[in-house]
Amino acid sequence: MALGLTGGIATGKSTAASILERFGAHVIEADEISRKLLEKDGNAYEEVVAAFGGEILTEEGRINRNKLGEIIFNDSRRRQKLEKITHPYIIKKLKKRLAARNYSRDTVAEVPLLYETQLQHLFEEVWVISCSEEEQISRLKNRDGLDSAEACSRLSAQMSLKDKEAKADQVIKNEGSLEELEDELKKVWENWMDKNKFD
Ligand SMILES: CC(C)(COP(=O)(O)OP(=O)(O)OC[C@H]1O[C@@H](n2cnc3c(N)ncnc32)[C@H](O)[C@@H]1O)[C@@H](O)C(=O)NCCC(=O)NCCS
Ligand SMILES: Nc1ncnc2c1ncn2[C@@H]1O[C@H](COP(=O)(O)OP(=O)(O)OP(=O)(O)O)[C@@H](O)[C@H]1O
């Protein structure tokens, strides 16, 4: 059975996923599936533009992700409206990609909203990448140029990290250096793949 990888926003899910890829994991990224959905030829483009109007479009008629993010991370009703359109597509595509790999042990699905969309049943284990809230906020500021208020509104749009840690099979703290994250991931990944020998 495959592995689910989640965590809070900017805790380091993508960073962890690319390290696991170097260890031989085949990673399926929900954010990439979600990104494709909103492209002009994406399955959800028309519905999202119909739901949110021309204000979210650039001059070339593309969906402005920053603009849509500003709207939905400050308005839970409109966020639910977007999720109602996008989540069914994301979940369907995730299941299709997992099935195409027979849910093999070396397949890792990186899903930011894994618990919020109740997908844990698809995986033998779910690993949560975690760090302090301060670290999340500072990373969002450095990476996305958000201010504290914008960073906090993104954090509050998800289930608390504490709740995700409580549900997790493995919690991987990502508070130190990238080398420390890699060492920790190497240990848990080798243990995970060793179990394979007894399948
Ligand atoms: C609002 C959008 C356009 C903003 O795009 P942007 O490029 O700024 O952010 P990106 O897509 O890279 O997401 C960054 C992070 O935001 C968080 N996030 C994204 N969508 C949501 C959401 N609906 N609720 C809570 N957190 C979210 C996740 O941690 C994600 O990893 C985009 O996040 C989106 O389409 N979200 C709705 C689809 C969705 O729920 N995706 C989550 C995949 S499980
Ligand atoms: N241990 C670390 N030390 C320093 N910087 C880190 C560390 N881990 C992650 N980062 C940086 O923090 C930012 C967030 O990491 P990453 O994009 O992997 O998080 P994420 O959980 O995938 O984010 P999102 O929820 O937005 O998809 C990135 O700029 C990344 O380079």
Side-chain angles (χ1 to χ4, degrees), residues 4-21 27-39 42-45 47-49 51-52 56-58 62-95 97 108-120 122 126-146 150-161 164 172-185:
L5 184 68
T6 191
I9 187 157
T11 52
K13 300 179 298 297
S14 310
T15 303
S18 52
I19 292 170
L20 291 175
E21 218 158 25
V27 175
I28 299 169
E29 292 176 22
D31 275 347
E32 187 240 335
I33 294 171
S34 151
R35 192 172 292 278
K36 284 213 172 89
L37 276 180
L38 299 188
E39 283 169 8
N43 292 339
Y45 175 84
E47 288 169 81
V48 170
V49 174
F52 288 83
I56 64 164
L57 293 179
T58 64
R62 295 184 187 292
I63 290 176
N64 180 332
R65 301 176 65 81
N66 289 339
K67 178 79 190 134
L68 186 52
E70 264 165 39
I71 294 170
I72 70 134
F73 287 117
N74 292 300
D75 180 333
S76 59
R77 198 182 48 72
R78 297 184 84 183
R79 182 166 69 247
Q80 280 153 22
K81 194 173 178 183
L82 177 63
E83 292 171 351
K84 203 156 170 279
I85 299 167
T86 55
H87 282 182
Y89 286 113
I90 295 170
I91 292 166
K92 190 166 166 236
K93 188 81 176 168
L94 263 176
K95 287 178 176 174
R97 301 270 299 272
V108 179
E110 183 207 336
V111 189
L113 304 185
L114 189 148
Y115 289 121
E116 291 89 338
T117 51
Q118 281 129 28
L119 291 179
Q120 54 271 44
L122 292 179
V126 174
W127 296 359
V128 165
I129 308 293
S130 179
C131 69
S132 67
E133 193 169 297
E134 295 72 26
E135 189 59 27
Q136 281 179 281
I137 289 170
S138 98
R139 287 176 186 169
L140 280 171
K141 286 179 177 175
N142 295 336
R143 185 194 67 184
D144 301 340
L146 302 183
E150 288 164 330
C152 288
S153 70
R154 291 205 175 206
L155 261 71
S156 54
Q158 292 192 15
M159 181 189 289
S160 79
L161 205 40
K164 295 189 180 184
I172 294 148
K173 286 276 181 203
N174 178 28
E175 302 254 289
S177 69
L178 288 172
E179 292 70 30
E180 285 167 310
L181 174 65
E182 178 152 350
D183 292 347
E184 176 65 12
L185 283 169

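Only this structure's heavy atoms are used, side chains among them; waters, hydrogens and symmetry mates stay out. Whatever order the structure lists them in is the order used to number ligands and atoms, beginning at 1. Because the structure is a prediction, the values reported are computed rather than measured.
Ranking the protein heavy atoms by distance from atom 37 (C) of ligand 1 puts L82 CD2, 3.7 Å first. The protein non-hydrogen atom at the shortest distance from atom 35 (O) of ligand 1 is L38 CD1, 3.5 Å. In this structure, the protein non-hydrogen atom closest to atom 26 (N) of ligand 1 is Q158 NE2, 3.2 Å. Of all protein heavy atoms, the one lying nearest to atom 9 (O) of ligand 1 is R154 NH1, 3.9 Å. Closest to atom 34 (C) of ligand 1 among all protein heavy atoms lies S34 OG, 4.0 Å. At the shortest separation from atom 15 (C) of ligand 1 among protein heavy atoms lies I9 CD1, 3.7 Å. Looking only at heavy atoms of the protein, atom 40 (O) of ligand 1 is closest to H87 NE2, 2.8 Å. Remark: minimum distance from atom 19 (C) of ligand 1 to any protein heavy atom is reached at F73 CZ, 4.0 Å.
Close approach of ligand 1 to L113 is summarised as follows: ligand atoms under 4.0 Å from at least one heavy atom of the residue are 21 (C), 22 (C), 23 (N), 24 (N), 25 (C), 26 (N), 40 (O), 42 (C), 44 (S). Atoms of ligand 1 lying under 4.0 Å from at least one heavy atom of P112, given by number and element, are 28 (C), 29 (O), 31 (O), 44 (S).
Residue E116 places no heavy atom under 4.0 Å from ligand 1.
Counting heavy atoms only, R65 comes closest to atom 11 (O) of ligand 1 of the residues R65, M159, Q80, R35. Among E83, R79, E32, the residue whose heavy atom lies nearest to atom 23 (N) of ligand 1 is E83. Which of L94, I85, N66, I72 comes nearest to atom 1 (C) of ligand 1 through a heavy atom is settled by distance: it is I72.
Using a 4.0 Å cut-off between charged side-chain N and carboxylate O, E29 and R97 make no salt bridge. Using a 4.0 Å cut-off between charged side-chain N and carboxylate O, E150 and R154 make no salt bridge.
At a heavy-atom cutoff of 4.0 Å, ligand 1 is contacted by the side chain of D31 but not by its backbone.
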Could you go through ligand 2 and note, for every N or O atom, any protein N or O atom closer than 3.5 angstrom, writing the atom names and distance to 0.1 Å, or 'none'?
| residue | atom | partner | partner atom | Å |
| --- | --- | --- | --- | --- |
| ligand 2 | 1 (N) | N174 | OD1 | 2.8 |
| ligand 2 | 1 (N) | G176 | O | 3.0 |
| ligand 2 | 8 (N) | N174 | ND2 | 3.0 |
| ligand 2 | 17 (O) | R143 | NH1 | 2.8 |
| ligand 2 | 18 (O) | S14 | N | 3.4 |
| ligand 2 | 18 (O) | T15 | N | 2.8 |
| ligand 2 | 18 (O) | T15 | OG1 | 2.6 |
| ligand 2 | 19 (O) | G12 | N | 3.2 |
| ligand 2 | 21 (O) | A10 | N | 3.4 |
| ligand 2 | 21 (O) | T11 | N | 3.3 |
| ligand 2 | 21 (O) | G12 | N | 3.1 |
| ligand 2 | 21 (O) | K13 | N | 2.9 |
| ligand 2 | 21 (O) | K13 | NZ | 2.7 |
| ligand 2 | 22 (O) | S14 | N | 2.9 |
| ligand 2 | 22 (O) | S14 | OG | 2.6 |
| ligand 2 | 23 (O) | A10 | N | 3.2 |
| ligand 2 | 23 (O) | R143 | NH1 | 3.0 |
| ligand 2 | 25 (O) | A10 | N | 3.1 |
| ligand 2 | 25 (O) | K13 | NZ | 2.6 |
| ligand 2 | 26 (O) | R143 | NH1 | 3.0 |
| ligand 2 | 26 (O) | R143 | NH2 | 2.6 |
| ligand 2 | 27 (O) | D31 | OD2 | 3.4 |

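Remark: side-chain polar atoms of K36 are not paired, donor with acceptor, to backbone N or O of G42 under 3.5 angstrom. No donor-acceptor pair closer than 3.5 Å links the side chain of Q136 to the backbone N or O of A10. A donor-acceptor pair is defined here as one N or O able to donate and one able to accept, closer than 3.5 Å; no such pair exists between the side chain of E184 and the backbone of I172.
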**Item:** Intermediate values then yes/no, salt bridge (charged side-chain N to carboxylate O under 4.0 Å, His left out), E116 and K164
**Value:** CA-CA 9 Å; E116 291 89 338; K164 295 189 180 184; 3.0 Å; yes
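Side-chain atoms of T11 and N174, non-hydrogen and from C-beta on, never get closer than 4.5 Å to each other. Put simply, the side chain of Y115 reaches to within 4.5 Å of the side chain of V126, judged on heavy atoms. Between V128 and L161 there is a side-chain heavy-atom pair separated by less than 4.5 Å. In this structure the side chain of T86 never reaches within 4.5 angstrom of the side chain of S34, judged on heavy atoms. Between H87 and Q80 there is no side-chain heavy-atom pair separated by less than 4.5 Å. L5 is not listed as a side-chain neighbour of V27, based on a closest heavy-atom distance of 4.5 Å or more. The shortest side-chain heavy-atom distance between L113 and I90 does not fall under the 4.5 Å cut-off.
For ligand 1, none of its N or O atoms has an N or O atom of T86 under 3.5 Å away. Among the atoms of R143, none of the N or O lies under 3.5 angstrom from an N or O of ligand 1.
Judged as a side-chain hydrogen bond (donor to acceptor under 3.5 Å, both in side chains), and not counting sequence neighbours, the contacts of R139 are E135.
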